[in-house]
Structure formats: C-alpha cells, structure tokens
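Heads up, the thing below is written out as structure tokens.
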Amino acid sequence: MDAIMSLCKRRGFIYQASEIYGGINGFWDYGPLGALMKRNLREAWWQDMIMNPAWGRRGPNGEPVRCVPVETCIIQHPRVWEASGHVGGFNDPMVDDRETKQRFRADHLCAVWNSLKLEEHHTELPRDKPFVSVIASTPGEAVAHIQSNPKLLRPYRLHGSFKVSPFDDRVWVAEASDKDATLLLLVRAVEVDEIRAHHDLIPSPFTQKRSVLTEPRQFNLMFFTYTGAVFNEDAKVYLRPETAQGIFVQFKNVVDTTRVKMPFGIGNTGRSFRNEVTPRNFTFRSREFEQAELEFFCHPSESREWYAFWRDFRMEWWKSIGLAGDNLVLREHDKDELSHYSQGTSDVEYRFPFTAPGFGELEGIAHRGDFDLTQHQKHSGARLEYFDQERGELLPNGSRRGERYIPHCIEPAAGLDRGVLALICEAYTRDESRPSPEFMKFHPRIAPIKAAVFPLVNKDGMPERAEALHAELNRRFGRQGLIETDAKQTIGKRYARMDEAGCPFCFTIDGQTMTDQTVTVRDRDTGGQTRIGIDRVAAFLSDRLGD
RNA sequence: GCGGGCGUAGCUCAGUGGUAGAGCGCUACCUUGCCAAGGUAGAAGUCGAGGGUUCAAGUCCCUUCGCCCGCUCCA
C-alpha cells in the first residue's frame with residue numbers, strides 16, 4: 001500500500017488536502033491524473049446508469065430500463081434529515097466502557113435497583129447504586145434481557161425466577177427471591193443526565209464493573225453550518241451525509257414534470273460529508289467524498305426482481321471497468337444484518353491491500369421498500385404516492401382503472417472515491433523483469449492518459465510527424481482524456497513514464513514511418529509492438545476506447 | 001477517542017548536540033537511437049509546526065498537526 005500511495009503522490013493522482021499547512025485529517029485532493037481518472041469513472045457511471053442504463057438491456061419486465069438524472073443540493077431543509085433518520089441516529093450521545101472499549105447509546109441504558117420503597121426511586125436516582133445495567137431502550141426489554149441471561153444476577157445469588165409487573169411506562173418491578181429472602185427489584189431507564197452526573201456509580205452493561213464508563217459524549221457524524229447571518233439553532237443546517245435523500249425529496253417533482261412511467265430510476269451524483277470518528281486507509285474513509293446513487297422505483301410486486309437485476313448488473317459493471325479479478329466479490333447481507341424495512345442488501349466489495357484478507361465496501365445495493373418515500377410523506381405531509389394508469393382492472397373502454405401506491409425502491413449506491421482507489425490498487429502491477437517494473441494496468445476507459453505519440457528520435461522530420469499525429473488524435477479524443485506527446489530523452493524512459501501513468505497505447509514515429517507511412521503501437525501490458533498505418537491510428541484508438 | 005510506530009528534497013531514505021546529505025526522479029545541453037544507457041550542468045529543504053533547554057538543536061524536552069498499525073466507530 002505504501003508503494004501505491006507513493007506512486008499516487010509522485011505521479012499526481014492523489015494529494016493530501018492542504019498539505020503545505022500540515023494536511024487535514026480525512027480530506028484528500030486529486031491531482032491532474034487523479035482528477036481525470038475520477039471524471040472517467042463518473043462519466044462511465046453516468047453513461048451506463050442514466051444515458052444507456054444497464055448497457056441497453058431489458059429489465060425483468062421485458063422493457064428497456066429508463067433512468068433520469070437530478071442534481072440536488074448539499075444543504076437541504078433540516079427536516080429532511082429528521083425524516084431520513086440521520087438526525088437522531090447520528091446525533092445521539094454515546095457512552096464508552098473505558099476498559100472493554102465498547103460503546104453504546106446513552107439513551108439505551110436501563111438499570112436494576114434493589115428497592116424497598118417504590119415511590120422514592122420513581123423520579124430520582126437512589127442513593128444506593130444500581131447493581132446491574134443492561135443495554136435496552138425500554139424497561140420491558142431490559143427485563144426480558146435479564147430473564148434470558150440469568151447469570152447477570154448470579155453474583156447476588158438470585159436465580160432466574162421473577163415475578164414481573166410493569167408499574168408504569170417507565171418502571172417495572174420484579175420480585176426475585178433466593179433461599180432466604182424476597183427482594184423487590186426496580187427496573188427503569190437511566191436518563192442521560194443521570195449518567196452524566198453518576199457515570200462512576202453505574203455499572204458497565206458489558207462487565208457490570210463500576211468506574212469504567214465515560215460521560216455521555218456527542219458524536220456528530222453530520223457536519224453543520226448556518227444559513228443567513230445569524231448563528232443560532234434555528235439557522236442550523238447540515239451538509240448531506242448521502243445524496244440519496246435529494247432524490248426522494250424531489251421524487252414528486254420528477255414524476256409531475258417529466259412524463260416518467262413506473263418503473264424508472266433517478267440518478268444523483270455529488271459530494272457528501274460525514275464527520276467520521278476515525279478517517280483511515282487513504283481515501284477509503286474520507287470526511288468529504290463523492291457518491292453516485294441511483295434510486296430505482298417500481299411496483300412492490302416487481303421489487304425483488306429489480307433488486308436482483310441491479311445487484312447483478314452492478315457487479316458486472318465494476319468488472320467491466322477493470323476489477324475483473326477475484327479481489328471483487330458480491331456479498332449478500334445476512335437476515336440479521338438487514339434494516340427492518342429491507343428485503344435484501346448486497347455489497348460489492350473489493351479486497352484492498354489494507355483490508356486484505358478482508359474486503360471493503362465499494363457499493364451497496366439495497367432493497368429499501370417504501371421506507372424513504374413513506375418517511376418523507378409522513379414528515380412533510382406531501383402525498384408521494386404514484387398513480388399507475390397501467391395497473392388495476394380492465395375497463396370496458398380498454399383502459400385500466402389505475403392503481404395508487406407508494407413505489408418500492410432499489411438503491412445501488414456507489415462511492416466514487418472508493419472506486420478510484422480500488423481501480424488504482426487493482427491496476428498497480430510490479431514486474432521486476434521489465435525495464436519499468438512498476439506500472440498501472442488501467443482499463444482504457446478509465447485511464448487518464450488515453451494514448452501517447454512519440455518521435456523515436458528528435459530529428460529527421462520525426463518530431464513534426466509526431467506533432468501532426470498528436471494534434472489529430474487530440475482533436476478527436478481529447479474530450480475522453482489526455483493525449484500525450486514527448487520528444488525528450490530516450491524512448492525507453494518515455495515508455496516507462498507512460499507505464500507508470502497507466503497509458504495503454506504509445507504510437508511511435510520512426511525511420512520507417514517516413515518511407516512506408518506506418519507507426520509502431522506499443523502495448524502497455526505486454527511491451528509488445530505491432531505496426532499499423534498512420535492513417536489507421538484514429539480508428540485503432542476509437543476501437544479500444546469505446547468511442 | 002485509547003495504545004503503539006513514524007514525520008529530513010517530488011519519491012525512497014542516511015544523518016554521533018557543531019557547515020543540510022545520498023540514490024532515484026525533475027530541468028537544460030551533449031552523445032546515443034525501440035524499452036528508466038552515459039556525460040556535463042542546474043533547480044529543488046524555515047529537517048511537519050510551535051515553544052523550551054543549550055554558546056550551539058534535524059538530533060534533547062514539552063505541546064500540537066499529519067500519516068501508518070491495533071482497538072473503537074462506520075448509510
């Protein structure tokens with residue numbers, strides 16, 4: 001990995017952000033080659049997901065796949081993030097067990113007190129310490145947890161038999177007995193403020209040891225800023241942690257204004273921000289990153305087929321741009337890994353050098369059901385149902401009655417920076433037998449430099465011929481990527497430089513060109529050469545680049 | 001956030017409290033002419049940053065920032 005990172009810097013793929021000021025943790029800039037490469041990846045996604053979705057294949061409904069793009073704002077109404085569940089999930093105070101290093105949500109702690117007088121303990125923390133704590137969001141859950149783990153009470157010689165009854169919403173009472181006595185136990189949630197005040201007295205829910213818990217601390221995973229000139233809570237807004245919500249929020253507008261018909265997809269690419277606790281592994285977990293997300297909407301009855309369709313296509317797609325080896329896997333989530341609303345989620349994963357032998361996620365393909373649209377319908381009050389005129393019973397006049405429903409949604413969500421990183425790792429090749437042992441085996445579609453034109457020597461009219469060919473190729477292919485030319489230094493050195501930049505083809509003008517109008521084509525991966533007519537070069541390239 | 005390691009030229013790294021170094025790369029020229037050849041010359045560093053000790057700090061001490069590894073966390 002060190003060799004890859006050093007090549008990235010040396011050749012201008014990826015730099016540390018603000019490096020001359022010492023760098024800033026979790027932020028990375030792309031240099032010239034990296035910026036070109038990332039653009040190529042984004043363009044490939046755009047082309048294969050929006051313009052010609054799934055390479056023109058028909059979907060499970062037998063019809064061509066239809067998708068449209070949107071481009072939505074980084075800053076949205078704060079309530080978007082309440083509806084999506086990001087405010088809440090990302091904003092909860094957390095408590096750490098300093099000993100076991102485990103962490104839990106402060107509002108998910110219940111504790112058990114030994115009690116004689118119920119009223120005393122109802123509203124305030126008793127003077128005597130709770131003797132057991134468990135992670136649970138309600139006292140009922142806590143009791144169930146204790147009952148299924150009777151050894152929690154074993155140090156107190158109380159065995160699993162309880163008589164349990166809810167006293168009210170917040171407090172449960174349990175009667176437990178051992179040989180000698182009957183104990184009244186009181187089970188209730190520990191308030192966040194109580195933990196703050198008494199964190200030393202509360203036993204760890206993991207080990208039941210005291211004096212190991214930290215105070216509840218806020219981990220804000222969303223960045224925030226303020227709109228307008230006044231900095232107060234009302235003006236607080238968040239930088240999006242994902243681009244997907246922009247799609248859901250504009251779903252109704254797209255349906256109302258663009259004649260899309262179910263099923264169809266809406267794609268969105270752009271920057272997202274997460275204030276990760278520990279950014280690590282080069283650009284793999286950055287605080288600012290770019291996503292390419294598609295939300296594909298369909299009738300609930302067809303959603304499983306579409307889920308399988310996109311899952312399989314996305315895997316094929318990553319293979320098609322160069323992640324062809326067994327470093328790429330598709331991993332279907334287990335049932336207990338799934339969100340409650342999801343009927344299936346898969347990750348496209350890549351074995352990065354820093355995750356090996358494990359894998360790191362490149363893209364998640366999730367069956368999200370109607371969760372997101374339902375949430376936004378609930379929170380905004382807007383009707384986000386779709387009226388499908390091709391469904392419902394057949395009417396005598398030949399049309400259909402129609403069906404109103406909230407569509408289900410399949411979400412292939414890719415990380416472009418992770419994609420670039422995976423492509424770089426996959427392309428990085430060492431072959432000590434070559435004069436240029438280090439080279440980048442980029443797929444031509446992704447390569448930042450598409451081709452180079454060299455005069456073999458800097459005389460005899462060769463530089464002029466090279467310059468003419470270079471200008472022609474640049475006019476024709478310049479919009480796809482760089483076309484290089486270089487007349488300085490030895491030919492071997494120039495080839496080697498192109499190898500390191502991952503340029504797939506070098507065309508060299510030599511003495512023979514002057515007599516028979518042919519040039520050599522050097523292949524980056526084999527080093528082998530063939531001759532083709534100089535007038536065939538553009539067609540040759542066009543073929544390889546998928547022009 | 002915790003623990004460990006590391007920051008010296010674009011890259012890889014030497015450097016004993018006493019003049020800032022090497023290899024590779026880069027630029028120009030000469031030579032050569034199909035795979036990082038050779039020669040000559042050149043540019044490039046507030047030794048991560050800030051403070052302290054000292055006659056003197058890349059070197060010792062403190063703080064801080066960044067990177068790597070292990071925990072922790074992670075739509």
Side-chain angles (χ1 to χ4, degrees), chain A residues 1-3 5-12 15-28 31 81 84-86 89-90 94-105 214-215 217-219 221-222 240-245 272-282 284-287 289 291 293 333 339 342 345 347 353-354 360-361 363-366 368 371-372 411 413-415 433-439 454-460 462 488-500 506 508-512 519-524 526-529 531:
Chain A
M1 196 59 211
D2 288 349
M5 287 176 69
S6 124
L7 184 138
C8 280
K9 167 93 189 272
R10 197 166 71 239
R11 299 310 313 238
Y15 307 130
Q16 201 181 3
S18 307
E19 193 186 279
I20 61 170
Y21 287 99
I24 174 163
N25 196 358
F27 297 90
W28 299 89
W81 310 115
S84 69
H86 288 95
F90 277 0
M94 306 290 283
V95 178
D96 288 340
D97 178 328
R98 281 191 293 258
E99 196 177 65
T100 67
K101 310 288 186 194
Q102 283 170 288
R103 176 177 290 171
F104 60 92
R105 278 175 62 165
T214 63
E215 277 189 58
R217 290 175 297 188
Q218 205 88 19
F219 291 88
L221 257 53
M222 274 201 289
R240 66 181 172 199
E242 60 173 40
T243 55
Q245 296 305 321
S272 293
F273 302 81
R274 287 181 205 169
N275 205 351
E276 298 287 354
V277 180
T278 313
R280 198 160 284 192
N281 290 332
F282 205 19
F284 183 77
R285 182 171 299 141
S286 305
R287 289 184 164 135
F289 56 100
Q291 295 181 295
E293 299 195 281
H333 284 209
S339 325
S342 183
T345 299
D347 288 342
F354 48 78
E361 180 186 342
E363 168 160 356
I365 300 102
R368 298 185 61 87
F371 177 77
D372 302 276
E411 174 189 86
S433 69
R434 288 166 61 116
S436 52
E438 225 173 13
F439 67 108
F454 298 139
L456 179 62
V457 292
N458 205 3
K459 58 184 182 192
D460 300 337
M462 294 181 206
K488 297 285 174 69
Q489 299 184 312
T490 64
I491 192 72
K493 210 167 215 178
R494 286 177 276 164
Y495 287 152
R497 261 200 288 261
M498 286 301 112
D499 283 349
E500 240 183 28
C506 295
T508 301
I509 311 287
D510 58 12
Q512 196 179 330
V519 299
T520 64
V521 185
R522 173 186 178 274
D523 181 89
R524 173 196 64 204
T526 63
Q529 288 184 0
R531 293 198 79 89

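Quantities reported herein were computed from a predicted structural model and do not represent experimental measurements. Values below: all heavy atoms of this structure, side chains included; hydrogens, waters and symmetry mates excluded. Proteins get letters first, then strands, A, B, ... in listed order; numbering begins at 1 in each.
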For nucleotides [N] and [M], find the distance between their [atom1] atoms and express it as a whole number of Å.
{"N": "C47(B)", "M": "G42(B)", "atom1": "P", "value": "24 Å"}
{"N": "U19(B)", "M": "G58(B)", "atom1": "C1'", "value": "14 Å"}
{"N": "G66(B)", "M": "A49(B)", "atom1": "P", "value": "15 Å"}
{"N": "A44(B)", "M": "G10(B)", "atom1": "C1'", "value": "9 Å"}
{"N": "A43(B)", "M": "C29(B)", "atom1": "C1'", "value": "15 Å"}
{"N": "A36(B)", "M": "G4(B)", "atom1": "C1'", "value": "38 Å"}
{"N": "A22(B)", "M": "G17(B)", "atom1": "C1'", "value": "23 Å"}
{"N": "C61(B)", "M": "G38(B)", "atom1": "C1'", "value": "50 Å"}

| Is the side chain of R287(A) donor-acceptor paired with the backbone N or O of F273(A) at a distance under 3.5 Å, no angle test? | no
Using the test side chain to side chain contact (heavy atoms under 4.5 Å, CB included), find all partners of [X] that sit at least two apart in sequence or belong to another chain.
{"X": "A17(A)", "value": "I24(A), F27(A), D29(A)"}
{"X": "Q512(A)", "value": "D510(A), T515(A), D516(A), T518(A), R531(A)"}
{"X": "D460(A)", "value": "M462(A)"}
{"X": "N281(A)", "value": "F284(A), F354(A)"}

Atom [atom1] of [X] to atom [atom2] of [N]: distance rounded to whole Å?
{"X": "N281(A)", "N": "U72(B)", "atom1": "CG", "atom2": "C1'", "answer": "14 Å"}
{"X": "Q16(A)", "N": "C11(B)", "atom1": "CD", "atom2": "C1'", "answer": "15 Å"}
{"X": "E438(A)", "N": "U12(B)", "atom1": "CD", "atom2": "P", "answer": "11 Å"}
{"X": "F439(A)", "N": "C35(B)", "atom1": "CZ", "atom2": "C1'", "answer": "13 Å"}
{"X": "N458(A)", "N": "C34(B)", "atom1": "CG", "atom2": "C1'", "answer": "15 Å"}
{"X": "F284(A)", "N": "C68(B)", "atom1": "CZ", "atom2": "C1'", "answer": "16 Å"}
{"X": "E19(A)", "N": "A49(B)", "atom1": "CD", "atom2": "C1'", "answer": "14 Å"}
{"X": "M462(A)", "N": "G33(B)", "atom1": "CE", "atom2": "C1'", "answer": "9 Å"}

| remark: ring pair (Phe, Tyr, Trp, His ring centres under 6.0 Å) filter on F282(A), not counting sequence neighbours, yields W28(A)
| query | How do F354(A) and T508(A) order along RNA chain B: which one's closest nucleotide is nearer the 5' end? | reply | T508(A)
| query | Taking the nucleotide of RNA chain B with the closest heavy atom to each, which residue, G23(A) or T520(A), is nearer the 5' end? | reply |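 Result: T520(A).
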Could you let me know what [N] is paired to, Watson-Crick or G-U wobble, both distances under 3.5 Å, or none if it's on its own?
{"N": "G3(B)", "value": "C69(B)"}
{"N": "G42(B)", "value": "C26(B)"}
{"N": "U53(B)", "value": "none"}
{"N": "G17(B)", "value": "none"}

What nucleotide, of [options], holds the atom closest to the side chain of [X]?
{"X": "I491(A)", "options": "C11(B), C34(B), C67(B)", "value": "C34(B)"}
{"X": "R494(A)", "options": "G33(B), C67(B), C34(B)", "value": "G33(B)"}
{"X": "Y495(A)", "options": "C34(B), C69(B), G33(B)", "value": "C34(B)"}
{"X": "N25(A)", "options": "C69(B), C67(B), G33(B)", "value": "C67(B)"}

| field | Parallel, tilted or perpendicular: ring planes of W81(A) versus H86(A), cut at 30 and 60 degrees | value | perpendicular
Short heteroatom pairs, N/O only, protein and nucleotides 28-32 of chain B, under 3.5 Å:
unit_1	atom_1	unit_2	atom_2	d
A28(B)	OP1	K488(A)	NZ	2.8

Base, sugar-phosphate, or nothing: which does [X] touch, judged by heavy atoms less than 4.0 Å apart?
{"X": "D510(A)", "answer": "base"}
{"X": "S84(A)", "answer": "nothing"}
{"X": "F282(A)", "answer": "sugar-phosphate"}
{"X": "G26(A)", "answer": "sugar-phosphate"}
{"X": "R434(A)", "answer": "nothing"}
{"X": "Q529(A)", "answer": "base"}

Taking every non-hydrogen atom, the tightest pair across [X] and [Y]:
{"X": "D523(A)", "Y": "T526(A)", "value": "OD2-N, 3.0 Å"}
{"X": "L456(A)", "Y": "R494(A)", "value": "O-NH2, 3.3 Å"}
{"X": "N25(A)", "Y": "P279(A)", "value": "OD1-CG, 3.7 Å"}

| said: As a quick check of understanding, evaluate side chain to side chain contact (heavy atoms under 4.5 Å, CB included) for R274(A) and E242(A), giving each step before the final call. | reply: CA-CA 9 Å; R274(A) 287 181 205 169; E242(A) 60 173 40; 4.2 Å; yes
Any residue meeting side-chain hydrogen bond (donor to acceptor under 3.5 Å, both in side chains) with [X], in chain and number order, not counting sequence neighbours:
{"X": "E293(A)", "answer": "T243(A)"}
{"X": "R522(A)", "answer": "D499(A)"}
{"X": "S272(A)", "answer": "Q291(A)"}
{"X": "R11(A)", "answer": "E500(A)"}

| said: I'd like to know if R522(A) reaches the base of C35(B) with its side chain, counting only an N/O donor and acceptor under 3.5 Å. | reply: yes
| Base A36(B) to side chain E500(A), donor-acceptor N/O within 3.5 Å cut-off |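 Answer yes: a donor N or O sits under 3.5 Å from an acceptor.
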| query | Does N275(A) have a side-chain nitrogen or oxygen under 4.0 Å from the phosphate oxygens OP1 or OP2 of C73(B)? | reply |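 It does not, given that no N or O in the side chain of N275(A) lies less than 4.0 Å from OP1 or OP2 of C73(B).
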| message | Does G10(B) have OP1 or OP2 under 4.0 Å away from a side-chain N or O of K9(A)? | response |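 The answer is no; no side-chain N or O of K9(A) sits under 4.0 Å from OP1 or OP2.
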Atom pairs under 3.5 Å: protein N/O with N/O of nucleotides 42-48 of chain B:
none

Are there any protein N/O atoms within less than 3.5 Å of an N/O atom in nucleotides 20-26 of chain B, and if so, which ones and at what distance?
unit_1	atom_1	unit_2	atom_2	d
C26(B)	OP1	R497(A)	NH1	2.2

